[in-house]
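Read the structure below first, then the notes.
First the proteins, then the strands, lettered A, B, ... as listed; each starts at 1. Side-chain atoms are counted along with the backbone in the values below, which use heavy atoms only and exclude waters and symmetry mates.
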Amino acid sequence: MTSQYTPEIVARLYRSLYFIRRFEERVAAIYPSDKIKSPVHLSIGQEFISVGVCDALRSDDAVSGTYRGHAAYLAKGGDPAAMMAEMYGKVTGSAAGRGGSMHLIDTKANVLGASAVVGTTIPIAAGYALALKRQKTDRVVAAFFGDGASEEGCFYETLNFAALHKLPILFVCENNFYAIHEPQSKRWATDRFCERVATFGIETRKITSGDLFEVRDTTAELVDKLRRGEGPALIECHAYRWREHVGPNEDYDQGYRPRSEMEPWEARDEVPRIAALLPEAERAAIEAEAEVAIEAAVVFAEQSPFPAPEELYRHVFA
Amino acid sequence: MTSQYTPEIVARLYRSLYFIRRFEERVAAIYPSDKIKSPVHLSIGQEFISVGVCDALRSDDAVSGTYRGHAAYLAKGGDPAAMMAEMYGKVTGSAAGRGGSMHLIDTKANVLGASAVVGTTIPIAAGYALALKRQKTDRVVAAFFGDGASEEGCFYETLNFAALHKLPILFVCENNFYAIHEPQSKRWATDRFCERVATFGIETRKITSGDLFEVRDTTAELVDKLRRGEGPALIECHAYRWREHVGPNEDYDQGYRPRSEMEPWEARDEVPRIAALLPEAERAAIEAEAEVAIEAAVVFAEQSPFPAPEELYRHVFA
Amino acid sequence: MSSPNAATRQLRYVDALAEAVSQEMARDDSVFVFGLDVDDHKSIQGSTRGLLDRFGPERIFTTPLSEDAMTGVAIGAAMAGMRPIHVHIRMDFLLLCMNQIVNMAAKAHYMYGGAVKVPMVVRSMIGKSWGQGAQHSQGLHSMFMHVPGLKVVAPSNAYDAKGCMMAAIRDDNPVIFMEHRLLYSTEAPVPEDPYTVEFGRARRMLEGDNITVVGVSNMAVECLRAAELLREVDVSVDLIDPISLVPLDIDTIAQSVARTRKLLVVDNSWTSCGASAEIASQVTERLGGSGPLQVRRMGFAPTTCPTTPALEQLFYPNPSTIAEAAYAMARPNGASWRPDPEHAKLAYQAQFKGPF
Amino acid sequence: MSSPNAATRQLRYVDALAEAVSQEMARDDSVFVFGLDVDDHKSIQGSTRGLLDRFGPERIFTTPLSEDAMTGVAIGAAMAGMRPIHVHIRMDFLLLCMNQIVNMAAKAHYMYGGAVKVPMVVRSMIGKSWGQGAQHSQGLHSMFMHVPGLKVVAPSNAYDAKGCMMAAIRDDNPVIFMEHRLLYSTEAPVPEDPYTVEFGRARRMLEGDNITVVGVSNMAVECLRAAELLREVDVSVDLIDPISLVPLDIDTIAQSVARTRKLLVVDNSWTSCGASAEIASQVTERLGGSGPLQVRRMGFAPTTCPTTPALEQLFYPNPSTIAEAAYAMARPNGASWRPDPEHAKLAYQAQFKGPF
Ligand SMILES: Cc1ncc(C[n+]2csc(CCOP(=O)(O)OP(=O)(O)O)c2C)c(N)n1
Ligand SMILES: Cc1ncc(C[n+]2csc(CCOP(=O)(O)OP(=O)(O)O)c2C)c(N)n1
Ligand SMILES: [Mg+2]
Ligand SMILES: [Mg+2]
C-alpha cells in the first residue's frame, strides 16, 4: 500500500469489498429457500480483484464480466437491487428476469452483459474497446475472465487483434487454479501464461500476493497507458475460490481439493485486513450501511412482481 | 549441408524436389484448358519445406497438409497419378473425384486428408498423434499449415493440448508472409511466433535460410525427440509463394506485393542449387524419369472415366 | 434390435449411459472418453461414473476448455482407428464445435472418397429449468440433421439410452448423441447384457386412432403424459418416439398418419427449420395429395429461453399444452379443452432442483 | 418498400452491394466493414470495391484469420453503438462463428432484457461450381432461421441486393446476409438513390395458376428459367421469391397455395430441416386440413458436395429438374416430361469460370 492511499480511498475500497462479500453471503443464505432459481457462481474470496480493478477505472469506463460476475458487477457500480431481483427472476431485475445470475448487465454503470459460455465475452469486450477507440474517447474496457477461459481459442485470437489495433482494453485473468473441479495441471501445458501473452506485444503483470492495493496500483498504471493509446495490457491475478463452483456451499469434502489450499488465502483475506486500516467507527458505519442496502435489495427483490406472461415474447427483436 | 549427405540422399531429395516443381508447372500449363475444374493453390517456390520434412520421416509416419498441399502430398509419397486424376475430377482420383486439389489424401502413403477451411486440420493431426501414442508406436505426425492458419484459435488450443499430452507431432508452419493478398503486418501484432509457441513447453526452430538441408536436419533432430516421447515440436520455416494465391499465374502486376520480394527467393531456388550438387548424368536421369512419370499421370487422368451418376450417393455414410 | 436374454432390472437413464460406455470400453480397447469434467467426482451427473477407476486416465480424461480443437482431436483419433466419445455437459457448447463437426466429421468419409471413416460419438445434454436460460437450454439437433453424414439420436428412456449408446459407439460414422438433463433420473427396465437399439426404427409408444403424436427426446415423455390425460376425454393417441432422427423412420410415422390424418410433432427445440419441420414436411410430401391432413408443430416458444420460472414455464410445451393442442386437432368441432394443470405435472418436474 | 424517384440503370448484383454499403457509410459514420480480404485489390469479387479509397482503413479493414473472435468484435462494437458489417467470402466459414452468432448476437437483446442492441450485418457468399466442393458450397441459412433473434435475408437480384443491404445496415438486429457467387454478375435495374427493401415481404415474380413455386436465393433465378420452360408446355407458375427468410412472408406464399393447392419449394441447401422444410410446414399447418395439398421440396442432394463436375451437376436442382418436378405435380395424370437440357441452361452458368 503506497502513500497515495488516503483514508477516503481506503474507506471507498472497504465499502465496495465488504458490500460484495456480504451481498454474496446473503445470496448463499437465501439459496436454500429456492427463491433464487438460478445457478449462482460466487466470487467469495476473489472479490479483491474486482474491487481493485474497478476502483482504478472511471465511471465511464466499461467492465466485461463472466458468469462468476457478481463482484465485477457490484464493484463497477451495478445496481444491487436490480441484481437481486434478477436472481429472483423478477421483472425489475437487471435483465428483466431473463438472465439470472449468469447474465448480469447494467448499462448505466457501464457493466457489459456477461455470458454463461466461457470465454465468449472476451472478443466482445475487444469489440467494445474498438468502438471506444473509433469514437476518439479515452475510455477503456476491463475484461474479466478465468484461467479456464484463457484456454479457449478466441482468447488468443482476441489478444492478437487487440494488440494489432492497439485497443484500449485491460485483460484481467482471475487465475483461481480450477475450472469447475479440474486443476490447472490437467489443462495447462505450462504456467508461462504472462510470458506467452507478452509475445503479442502486450504488457503483462502477474499478481500473486492477493493484495487489493497491488491490484489497484497495477491497474491504475496500466490504464494510464491504455488511455494514451499504447495498446492493451493484461493482469494475471492469483486468487482462490472459497465456495463450490456453482451453488452456495463449501465443497472441501468432495475430494478434488483440500481445504489446506484455501487456508493461506483465508489467512490473508482482504476484508478484515482492510477493515483494520479504518477507524472503528467508520468501519462500523460502512458495514451498517451495507447491511441496510443489502436488506433493501432483498426486500425489493421479494416484493417485485414476476414478469407477466406476454413478456415472454418481448425483446426477441429490437 | 552436413557431411551426412551421401550422394544417394542428395539424389533422393532432388528427385522429390524436381518432381514436385515440374508436376505443378504441368498443372499450371494444363489449367487454361479448363480440364482441371478445381481451385489450385500451387506451392511452387515452397516445395523445399515439404521435401526436407518428409525426407526425414519414415514411411509409416503421417503427414497432414493443407489446401496448398500438392508438395506435402507428393513429398510424402502420395500417388501422383491419383492426384492428377483427382484434379481432373475422375473416379480414379485419390478421393474418387470428390475432393479436387484441396482435399488430397493417400492413406497408403500416410497422407491424411487436407481441408479447404484454413486451420481445421491442425487439431485433427493432433488427434491422429494421440492415437499413435495410445497405440504405443513411435510413429509421428507432421502437420503443415500456413502463417495465416496460425491465427485461428484452434491452433493455440491444439498447441496446449499437444504439449500437455506430449503428443508425437511436429508442427510445420510455412510462413510465406501472406494470407491471400493480406501481408502479415495487417494480421500479426508481432512476429514473436516461435517465442510464443515455446511458452507451451514446445521446442521450436525458425528457419529463414530457404535451405532444404537445414529443414531436413532440423526435422530429423526434432523427430528423434518426438519418437522418444519428449513431446511436440514446431518449425517455422520462411518461404515465398511465387504464383498467385489460387490459380496458375504470377500476380506481381496486381500491386499488393512487388516482384522484388520474390527475387531473393528465386535467386536461391533449391531446384537448381541441388541439381548442381549431382553429377550431370544422374541429374538428367532423374529429370527424365520425372517427366515420364508426370506424363503418365496426365495420361492416366485424361483417360480415366468420370464417376458414374450413382456415385453421387455413395460414401455419405460408412 | 437385438433381444438379449439376460435379466433386466430398473436402471436410471444416467446409469444406463455409464453402463453402455463401460461395457463397450471393456469390449473394445479403441474406445475412449474425453471432455471437460468427465473424470471428476461429479462425472457429468454420474453418466461417466466408474470409468476412471475401471479404465484409468489414458482412456478417460478431461480436457482444457478448447471445444473446437478437442473436436478435431476426436476426428483425428477416429481417422486413426480409435473410437472417441467426446462429452459436453451442455448441447449449447456444440456451437463452438460446428466447424469441426460439420466441415470435417460429417464430410470426411465422402470428401475423401471413402478413404477414411470417422467413428466418433458426441455426447451432449440439453439443460432445462432452474434458470438454465439462453445458453444452457438449447436443443440443436436440427442443425446436425441438416447436414448429410451425421447420425443424430435422442433416446427418451433408459433402455434406449443404453442401446443407442452401444450402437453409436459401434457405428462407423459420427453420431450426435443428444441427452436430456431431466431424463437422467428416470428409470426403465434395462438388460444387463450388452445390446444395441438399431437406428432408424421408431418406437410406437401407444397405439391409438384419433391422432398421431411424435415426441422427440424428453418430449416423448411429456407426450406420454399428455396421452394419458387425453384418454380421460376419449382421445386415443398413436404416440411415436423416433429415437433416432438421422436415420429417421418416416415409414412408421407416415403409416400412422395415413390412418389418423392428423399429425402433431412435439420437439425439444424451436420449430423453425427444426426436426418438427422435417417430420411434418416428409409426411406431407407423402400424404398431402391424398386428402385433408392436419399438421401441427410444437416446440420452444420462438424466443430466447428466459431464466425466470415465470416465463420459462411458458417457453416449453408441457403435457397440458400438448394435450390441449392434440384435443383441438382430434375434435375440431368440439369445445376447446385443457387438462387441470396440477394433474398434468410430470413426476420428474416436481423432483428436479438446481443449481444444475 | 420505399419507391425512389431517381433514375435507374442496369447494375450488377456485386456493384449493387458495394453501392449500398458505400451510401450507408457516407450517411452514417458508425457503419464500418471488416473481414478477411475486404480491402485487397480483389475486394471480395468487387463487392467492397471503392470503399477503402473513399472511407479509409479505419472504416474498412482486413482481419487475422480469426472468424470466431472477429464475430465477437462485431458484436461488441455493435453493442457500443456502431454498425459493423462483417464479411466472409464463403458461408461455410460461418461455422467458425456459430457460438458468437447463436449464443450471443441472437440472444443479447433478449437475454439482457432489452438493455442492448446488436445492429450488425454478417455478409457471406455461397459458392458453386468449379470444384468448390464440400467446404465452399454450403448454404447454412436454415441454421440461422432456427434461432430466434436473427434476421436472415437472401436477395436473388441486384435490386433486392441493394435494398436489402441498406435495410440490413439500418436494422437494429443481427442480420445474416446471404449472397450467391453466381448471382454477382447478374444485372437488374437499380435506382441510384438509396432505398430499402423491407424484410418480410415476398416478391411474386410470376403469376400463374397451376402450381406455386418458391425459389430461395439463386434458386429463384433457376426457377424463373424453369417457369419459362414450363410455359411452353402450358403449365403456369406462381413464382415467389421470399427475399427475406426471417421474417418470412408466409401470407403471400400461403395465399398462392390456397389457390393452386400445389407447392414446390426449391432451396439452395439441403432439404432436411432446411428453409424448404419450414416453408412447407407452415403452409401445411395452415392449409393441409382444408383439402388435398401437394407439397414437394428440392435442394442439394442429400450428400456432401462433390468437386467433380460429373457429380456436381447432379448435386444441384437446375431449371430442367425443377421444371420436370413442377410438371409432374401440375399434371399428375399426364406422361412425365423433361425439357431439353441444352435449352434449359442459364446464361450465367455458361459464363462462370474458375478458379473462384
Ligand atoms: C464454452 C464452455 N465450456 C464449458 C463450460 C462449462 N463450464 C462452466 S464454468 C467452467 C469453468 C471455467 O473456469 P474458469 O474460466 O477458470 O472460471 P472460474 O469458474 O474458475 O471462475 C466450465 C468448464 C461452459 N460454460 N462454457
Ligand atoms: C477458416 C477460413 N477462413 C478463410 C478462408 C479463405 N482463405 C483461403 S486460403 C487463405 C489464406 C491462408 O493463409 P496461410 O495460412 O498463410 O496459407 P497460404 O495460402 O499462405 O499457404 C484464406 C484466408 C478459408 N479458406 N478458411
Ligand atoms: Mg478458474
Ligand atoms: Mg501464408
**Complete:** Of all heavy-atom pairs linking Ser281(C) and Ala277(D), the shortest is OG-O, 3.0 Å
**Message:** Taking every non-hydrogen pair under 4.5 Å, which of Glu285(D), Gln282(D), Met104(D), Gln294(D) racks up the most with chain C?
**Reply:** Glu285(D)
**Complete:** When every non-hydrogen atom of Pro292(C) is compared with those of Gly289(D), the smallest separation belongs to CB-O, 3.4 Å
**Prompt:** Taking all non-hydrogen atoms of both residues, which atom of Glu278(D) and which atom of Ser272(C) are closest, and how far apart?
**Reply:** OE1-CA, 3.1 Å
**Asked** Picking from Leu287(D), Leu140(D), Thr303(D), which has the most non-hydrogen pairs under 4.5 angstrom with chain C?
**Response** Thr303(D)
**Request:** For Val102(C) and Gln138(D), run side-chain contact (heavy atoms from CB on, under 4.5 Å): C-alpha distance rounded to whole Å, both residues' side-chain angles, the deciding distance at 0.1 Å, then the answer.
**Result:** CA-CA 10 Å; Val102(C) 174; Gln138(D) 293 169 92; 3.6 Å; yes
**Asked** Looking at Trp270(C) and Lys107(D), what are the two nearest heavy atoms and their distance?
**Response** CH2-NZ, 4.1 Å
**Message:** Apply side-chain contact (heavy atoms from CB on, under 4.5 Å) to residues Met143(D) and Val147(C) and explain how you reach the verdict.
**Reply:** CA-CA 10 Å; Met143(D) 292 188 181; Val147(C) 181; 3.7 Å; yes
**Fill in**
chain C shares the most heavy-atom pairs under 4.5 Å, among Cys273(D), Gly149(D), Ala280(D), Ser290(D), with Cys273(D)
**Option that, when pairs with chain C are counted at under 4.5 Å, heavy atom only, ranks first among Lys262(D), Met145(D), Met98(D), Glu67(D)** = Met98(D)
**Closest approach of Gln135(C) to Asn103(D) (non-hydrogen atoms, all atoms of both residues)** = NE2-O, 2.8 Å
**Message:** Counting only non-hydrogen atoms closer than 4.5 Å, does Thr307(D) touch chain C with its backbone (N, CA, C, O), its side chain (CB onward), both, or neither?
**Reply:** neither
**Item:** Check against side-chain contact (heavy atoms from CB on, under 4.5 Å), Thr284(C) and Arg297(D)
**Value:** CA-CA 11 Å; Thr284(C) 306; Arg297(D) 297 171 292 160; over 6 Å; no
**Asked** Quick one: of Val283(D), Thr271(D), Val246(D), Asn99(D), who has the most non-hydrogen atom pairs under 4.5 Å with chain C?
**Response** Asn99(D)
**chain D interface, residue from Ser276(C), Gly274(C), Ala275(C) that has the most non-hydrogen pairs under 4.5 Å** = Gly274(C)
**Point-to-point distance, once rounded to the nearest 0.5 Å, from CG of Leu95(C) to CG of Leu95(D)** = 10.5 Å
**Message:** Less than 3.5 Å apart, any donor N or O on the side chain of His146(D) or Ser269(C) sitting next to an acceptor on the other?
**Reply:** yes
**Item:** Selection from Gln100(D), His109(D), Met111(D) maximising heavy-atom pairs under 4.5 Å formed with chain C
**Value:** Met111(D)
